[in-house]
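Dropping the structure in here first, questions after.
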Amino acid sequence: MRFSLGFVLAISLAGLQFIAILFVVTTSYLSSERAILDHARGLMEGVGSNAVEHTKRFLEPAGEITDQAQRVLTTGLVGTTDRETMERYFFELVQTEPQIAGVNFGDEEGNFVYVMKSDGPGPYRTKFITIENGVRHVDFIWRDENYQAVAFSNDPLDTYDARTRPWYLKASDLERRIWTNPYIFFSSQQPGITVAAPVIFERDGLQGVVGVDIEISDISGFLSDLRVSDSGAAMILGEDGSLLAHPDPNQIKVQNEDGSLSFANIGDIDDPISRAAFGNIEGPNITNLVSQSNFDYQNHEYMGLFAPLAGVDLPWTVAVYAPEDDFIGEIKANRERNIWIAAGISVLTAIVGLTIAELILRPVRAFAVRTALVSQGEVSARAPLPKTYKELSKANKTLIDEIAQRRESEAKVQELSRDLAHFSRVSVMGQMASGLAHELSQPLTAITQNVDAAISTAKEEGANNEDLLAILNDLDEQAHQGGDVVRALRGFVRKDEGEIASFNFNELIDQAKRLMRHEAEDHHVTLVYERAADPMVIGNRVQVAQVLINLIRNAIEAIAAAESKTRQVVVHAEADGKVLEVRVEDTGPGVPEGVKLFKQFQTSKEDGMGLGLSISRKIIETNGGRLWLDKTAVGKTRFCFTIPRESA
């Protein structure tokens, strides 16, 4: 033969492998093109939804503050004629949300109170318009962050009348909360919108209108911070194609020939990419479009998206554009790399196959030579076999060992992948918890304010209802406790170590007793609390409380799951030198063997996540103590932790 058997074998195997790889890669290339584009559109849709949700979240606090102010004024908690109390209340509202430009109230007689952010001489400015005996007074007060007055002024030439403004007229006419179309503010001469609601007394009718202002420039600043993609941007369009918000605030307004200001049209702005994406969209039906589009700009593929701002009573559309490569550029580059890698692997396989074929055929040739020599009588058939056969056997054994090791390595990689995926899901839950904590802070604040108002109202009545006051005080305490837990959760997500201070651990036990009472009764578990003789400790009270509640809840759940006959949890606190030792002991089934309790994702619960004890140990160690499982307890499960004592 002209070529050796090893060469033919190597070339044949490499050729077949190359053809197979080329077929698979080519088929994948053609079939994945549509899937990649669908994937990009899905990502773009997600980006658009994200921009819409963030914009709604930016605008919604203005509506909530308007509703709150309307309720406070309507119920009489703040009188419509008590301008000093109203100013202080509006001042606190403006400080609550950074996107709020100002809060105002105008009544039917022409009186007006307006608290707004200012450039100086103080960060906040109050405008009073007072009508007394037909005489109009316009006064200004500038205040600092602590509500201290820093400057005073008046303007007898001021002609402002809230009763003639669009927000007042529309809210009083419709008798409900409204959003105005964008307009130029009288005081700041900046474009903005107003959320307004009428203040109507049941007997006396309309008293006035309360309004909350948001400057368009603040929305534009918010959009500039909103990350769409590496090179994308989001903007807000009006129903007539006017540009209401843009990452560059200078693009929004234009000066007319008469010196007045108006909003720029999307087709006239100095942003070529935005004009290419949305410049051909005009007309009053723009907000009805919910679609995606593709366009080219300077030989680059771009994707555009229109999404109406649903859930807010505004005829606005969020428009988003981004380069296609921001979403799938890496996928395309990776696909091309795979083709070159496949070609390289085929060439390398041919070389390696040739070498391996030579090694495999070596003992065959040796056997052939020995057979020829034996047939010619030059070598005895009883002669020892060539060493190549023993080497081949050894190689076979080595190959088997390597396969076993590889399978073991693959199993470890799969386990690590599962742990990584689990950790990623927990990380997302942490982000969701942070967002939820942020969203809960406002309703909790509103609850505490309303409860305080209810307590004040109940106490002002002639005959106090002690049961009602007790319920309201308990509700106020629970709302404040909820606020503390929310703040601790946000601090924990931000890696904030929190406030370290001395506190009475017996008070913490009393708090846990109240919080866990109903849960224990639901599972028919008896809770026994043994208070400490010297209870003063040093640490983060909210964090230590979370650990104590977690251990008690774990004990209750363990007893309930095992259906133990004796159902009791004992919490014992006792001073031990420089620390206070706390023991949580239950009559549950104990800890199963093989479960590493303080390792992440290790748990004995069927629906547990394996993070509670790990986080609890970290919290206790951060507070200067330690947490462990006391294995000396017989017939019971006992978890212990220590906290530094104040007297130590």
Side-chain angles (χ1 to χ4, degrees), residues 55-56 58-74 78 80 83 86-87 89-91 93-94 96-97 99-118 124-131 136 138 158-201 205-219 236 238-240 242 244-245 252-253 260-263 309 311-316:
T55 304
K56 287 171 57 180
F58 182 86
L59 295 173
E60 284 174 349
E64 295 171 357
I65 288 178
T66 303
D67 292 338
Q68 178 184 344
Q70 181 191 34
R71 289 194 300 270
V72 169
L73 294 174
T74 302
V78 174
T80 56
R83 73 175 196 173
M86 187 182 300
E87 179 197 11
Y89 175 58
F90 287 174
F91 180 86
L93 292 180
V94 172
T96 300
E97 294 293 340
Q99 61 265 46
I100 300 302
V103 182
N104 58 71
F105 174 76
D107 64 14
E108 286 288 272
E109 284 71 35
N111 298 295
F112 185 65
V113 178
Y114 185 29
V115 179
M116 62 175 288
K117 295 176 181 176
S118 173
Y124 299 94
R125 191 196 76 173
T126 301
K127 178 178 182 179
F128 290 110
I129 299 178
T130 308
I131 308 297
R136 176 186 177 90
V138 180
D158 185 287
T159 61
Y160 181 84
D161 189 345
R163 296 170 296 181
T164 65
R165 302 301 289 175
W167 56 271
Y168 192 102
L169 295 173
K170 187 175 181 180
S172 59
D173 181 52
L174 298 179
E175 296 187 351
R176 61 175 176 82
R177 189 187 77 180
I178 58 92
W179 295 75
T180 66
N181 292 324
Y183 67 100
I184 305 300
F185 288 155
F186 180 88
S187 299
S188 64
Q189 288 299 299
Q190 295 295 324
I193 59 173
T194 299
V195 193
V199 178
I200 301 174
F201 288 177
L206 178 68
Q207 300 299 303
V209 175
V210 61
V212 175
D213 292 339
I214 302 177
E215 289 189 357
I216 294 295
S217 59
D218 290 336
I219 303 178
I236 297 178
E239 59 183 342
D240 59 352
S242 58
L244 304 181
I252 299 175
K253 55 183 179 179
S260 62
L261 298 176
S262 62
F263 290 93
L309 195 61
V312 179
D313 190 16
L314 288 171
W316 293 1

*Compare every heavy atom of Phe201 with every heavy atom of Thr74, then report the nearest pair and how far apart it is.*
O-CE2, 3.7 Å

*Test item: Lys127 side-chain N/O and Phe112 main-chain N/O as donor-acceptor pair under 3.5 Å*: no

_Partner residues of Thr180 under the side-chain contact (heavy atoms from CB on, under 4.5 Å) criterion, sequence neighbours left out_ = Trp167, Ile178, Tyr183, Ile193, Thr194

*Under the ring pair (Phe, Tyr, Trp, His ring centres under 6.0 Å) test, residues paired with Phe91 that sit two or more places apart*: Tyr124, Tyr147

*Between Glu87 and Thr126, what is the shortest heavy-atom contact and its length?*
OE2-OG1, 2.8 Å

*Who are the side-chain hydrogen bond (donor to acceptor under 3.5 Å, both in side chains) partners of Thr80, not counting sequence neighbours?*
none

*Any side-chain heavy atom of Phe105 sitting closer than 4.5 Å to one from Val209?*
no

*asked:* Strictly by salt bridge (charged side-chain N to carboxylate O under 4.0 Å, His left out), give each pair with a member in residues 168-183 just once, sequence neighbours left out.
replied: Asp67-Arg177, Arg176-Asp313

*Pairs in or reaching into residues 101-110: which pass salt bridge (charged side-chain N to carboxylate O under 4.0 Å, His left out), with residues at least two apart or in two chains?*
none

*About how many Å separate CD of Glu64 and OG1 of Thr96, when rounded to the nearest 0.5 Å?*
11.5 Å

*Taking every non-hydrogen atom, the tightest pair across Glu97 and Lys117*: O-NZ, 3.7 Å

*Are side-chain heavy atoms of Val94 and Val103 found at a separation under 4.5 Å?*
yes

*Of all residues at least two apart in sequence or in a different chain, which pass the side-chain hydrogen bond (donor to acceptor under 3.5 Å, both in side chains) check with Thr130?*
Arg83

*Of all the heavy-atom pairs spanning Ala62 and Thr66, show the shortest one and how long it is.*
O-OG1, 2.7 Å

*Does Arg136 have any side-chain contact (heavy atoms from CB on, under 4.5 Å) partners at least two apart in sequence or in another chain, and if so, which?*
Ile129, Ile131, Val138, Asp158, Tyr160

*Work out which heavy atom in Pro198 is nearest to a heavy atom in Ala171; give both atom names and the distance.*
CG-O, 3.7 Å

*Starting from the C-alpha separation in whole Å, work towards a yes-or-no answer on side-chain contact (heavy atoms from CB on, under 4.5 Å) for Phe128 and Met86.*
CA-CA 11 Å; Phe128 290 110; Met86 187 182 300; over 6 Å; no

*Decide yes or no for Leu93 and Ile100: does some side-chain heavy atom of the first lie under 4.5 Å from some side-chain heavy atom of the second?*
no

*CG-CD1 distance between Leu73 and Ile200, expressed to the nearest 0.5 angstrom*: 12.5 Å

_Side chain proximity check, Val210 to Phe90, heavy atoms < 4.5 angstrom_ = yes

